[in-house]
Protein chains: 2
Amino acid sequence: MSAITVLLVDDHLVVRSGLKALLGTQPDIEVVAEASSGEEALTAVEEHSPAVVVMDLAMGTGMDGIEAIRKLRERNRRQAVLVFTTYDSDADIVRAVDAGAMGYLLKDAAPEEIFAAVRGAVQGKSVMSAPVASRLFQQLRNPDEVLTPREAELLSLLTEGLSNRELGQRLFISEATVKTHLAHIYAKLGVETRAAAIATAIRREGMR
Amino acid sequence: MSAITVLLVDDHLVVRSGLKALLGTQPDIEVVAEASSGEEALTAVEEHSPAVVVMDLAMGTGMDGIEAIRKLRERNRRQAVLVFTTYDSDADIVRAVDAGAMGYLLKDAAPEEIFAAVRGAVQGKSVMSAPVASRLFQQLRNPDEVLTPREAELLSLLTEGLSNRELGQRLFISEATVKTHLAHIYAKLGVETRAAAIATAIRREGMR
DNA sequence: GGCCGGATCAGCCAAAAGGCTGAGAGACCA
DNA sequence: TGGTCTCTCAGCCTTTTGGCTGATCCGGCC
């Protein structure tokens, strides 16, 4: 039986070669190509038809990882894609899964975990790192922590550094209403100050 | 003549093995040890006395890279340390250089650049990636806008959402001093509130 | 029709943050 | 030696923010 063919996509050469070395230790896995951007990934898939694409979400320039996943899946709905990235941001996880990723691994994952994810991906299995999974579970268990559209709008403006007065003016609501919304947002995010809310929002949702 | 001995410090296994593979292609460079945390790095240096320590700043748990550099340099002022990290944040650069780093490389650096930095470090030369260098130049042109190491440290903690009291406790200074530093930071960043400072810092510095 | 969640607003009070001035200690440099 | 920079701290005052309670309005939904 032939080995599982893999395409690596990451804009960092050292990460690619590290992952290649790691996967190379497995006789049933073979890295057949590498790409350093979303664009390159698309052409590399055309050329090599890898069984699995292992992709970083953060690409320095051009198309980002999410967009690349979406395009890959548009062209071939059977294409297995694994996300292999540094940060476990709620927003990124949701967006990646939505775009069609089969699994979501963090870069500090154990080698065995990575091997298992690659093998699982070709069988259509979904594999994700424990921290990622726990985040998703928490979202499912606690729908109370989901922001309403208006709250999300406020939070987004909050991360631009606006004061309550400015928020009110921008949204055509009174300062009192702003404060009410903020109180709800703080409760849902589990913080007590606007500074912590901003920090949490940016780190958790990938806002910037 | 013997090879340049190197200790790799990064909490991501794939990055370590990638870097090791890359450096292994050079006959005059030898990776003699690896560490996945600041604590491990300290003991590994004791044991192997590497000529150069190549270190990521962002360590998942425990001592961060900056702290590790400081401790290494306290024990041996001749220890060459190269920072090898993902983001070119102003604050991190200033703090790393202040802590005693000899060079500052980004993870997407070209292999030749990395080799040159390692070779330069043992001779006491300072090497940095082009984007990092340009940031420093810009700072030199506008010295009024350059944060002092202490201010950068505060700003970094600020982006974690801490209150003035918490900042004081964390840094072992009074709340009054915290407020003084913050006032200076706001002036240099051109903002008026901590929320805006956090937003600016994160967007401008790539902090997270 | 009644219930509920989301969005809107008000008032009151305590805590936190910010603006301002002034000042001492230590390092570094000309 | 004197000047400059950084870090440290204090007091005073105003503005902003956050916690709490209670209230109205509207659109879906059973």
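The model shown is predicted, which means the values in this text are computed figures rather than measured ones. Naming: A, B, ... by sequence-line order, numbering from 1 per chain.
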query = In Å and rounded to the nearest 0.5 Å, what is the NE2 to CG distance from B/His181 to B/Leu167?
reply = 10.5 Å
message = Testing A/Leu19, A/Asp56, A/Leu57 one by one against A/Phe84 for a side chain to side chain contact (heavy atoms under 4.5 Å, CB included), which residue passes?
response = A/Leu19
query = Any luck finding a side-chain donor-acceptor pair between B/Ser174 and B/Thr177 under 3.5 Å?
reply = yes
ask   = Of the candidate nucleotides C/dA16, D/dT16, D/dT17, which contains the atom at the shortest distance from the side chain of B/Arg165?
value = C/dA16
query = Taking N and O atoms by type only, does the side chain of B/Thr148 place a donor or acceptor under 3.5 Å from a partner on the base of D/dC7?
reply = no
inquiry  = Base, sugar-phosphate or nothing for A/Thr177? Non-hydrogen atoms, less than 4.0 Å.
reply    = base
query = Is any N or O donor-acceptor pair between the side chain of B/Thr180 and the base of D/dC7 shorter than 3.5 Å?
reply = no
message = C/dT8, OP1 or OP2 - any side-chain N/O from A/Arg150 closer than 4.0 Å?
response = yes
query = Between D/dG18, D/dC9, C/dA10, which nucleotide has the shortest distance from any of its atoms to the side chain of A/Tyr186?
reply = D/dG18
key: From B/Arg70 atom CZ to B/Glu74 atom CD, the distance as rounded to the nearest 0.5 Å   = 8.0 Å
ask   = Quick one: which of C/dA17, D/dC9, D/dT16 gets closest to the side chain of B/Ala176?
value = D/dC9
remark   = From CD1 of B/Ile185 across to C1' of D/dC7 the rounded distance in Å is 12 Å
ask   = In whole Å, what is the span from the CG atom of A/Leu155 to the P atom of C/dG6?
value = 16 Å
ask   = Rounded to whole angstrom units, what separation is found between the CG atom of B/Leu182 and the P atom of D/dC7?
value = 13 Å
task = Specify the separation, in whole Å, of atom NE2 of B/His184 and atom P of C/dG18.
result = 14 Å
inquiry  = Please report the distance, rounded to the nearest Å, between CG in A/Leu167 and P in D/dT17.
reply    = 8 Å
query = Among the nucleotides D/dC9, C/dA17, C/dC12, which one has an atom lying closest to any side-chain atom of B/Arg194?
reply = C/dA17
query = From A/Arg119 CZ over to A/Ile4 CD1, what is the distance, rounded to the nearest 0.5 angstrom?
reply = 6.5 Å
query = Under 4.0 Å: is that the gap between some side-chain N or O of A/Asn164 and OP1 or OP2 of D/dT16?
reply = no
key: Candidates D/dC7, C/dC9, C/dG19 - which lies nearest the side chain of B/Pro149   = D/dC7
task = Send over the distance from A/Leu189 CG to D/dG18 P, rounded to a whole Å.
result = 12 Å
request  = Specify the residue among B/Glu175 and B/Thr193 whose closest nucleotide of DNA chain D lies further upstream toward the 5′ end.
outcome  = B/Glu175
message = Rounded to whole Å, how long is the line connecting atom CZ of B/Phe172 with atom P of D/dT8?
response = 12 Å
query = Could you state the NZ-C1' distance from A/Lys179 to D/dG22, rounded to the nearest angstrom?
reply = 15 Å
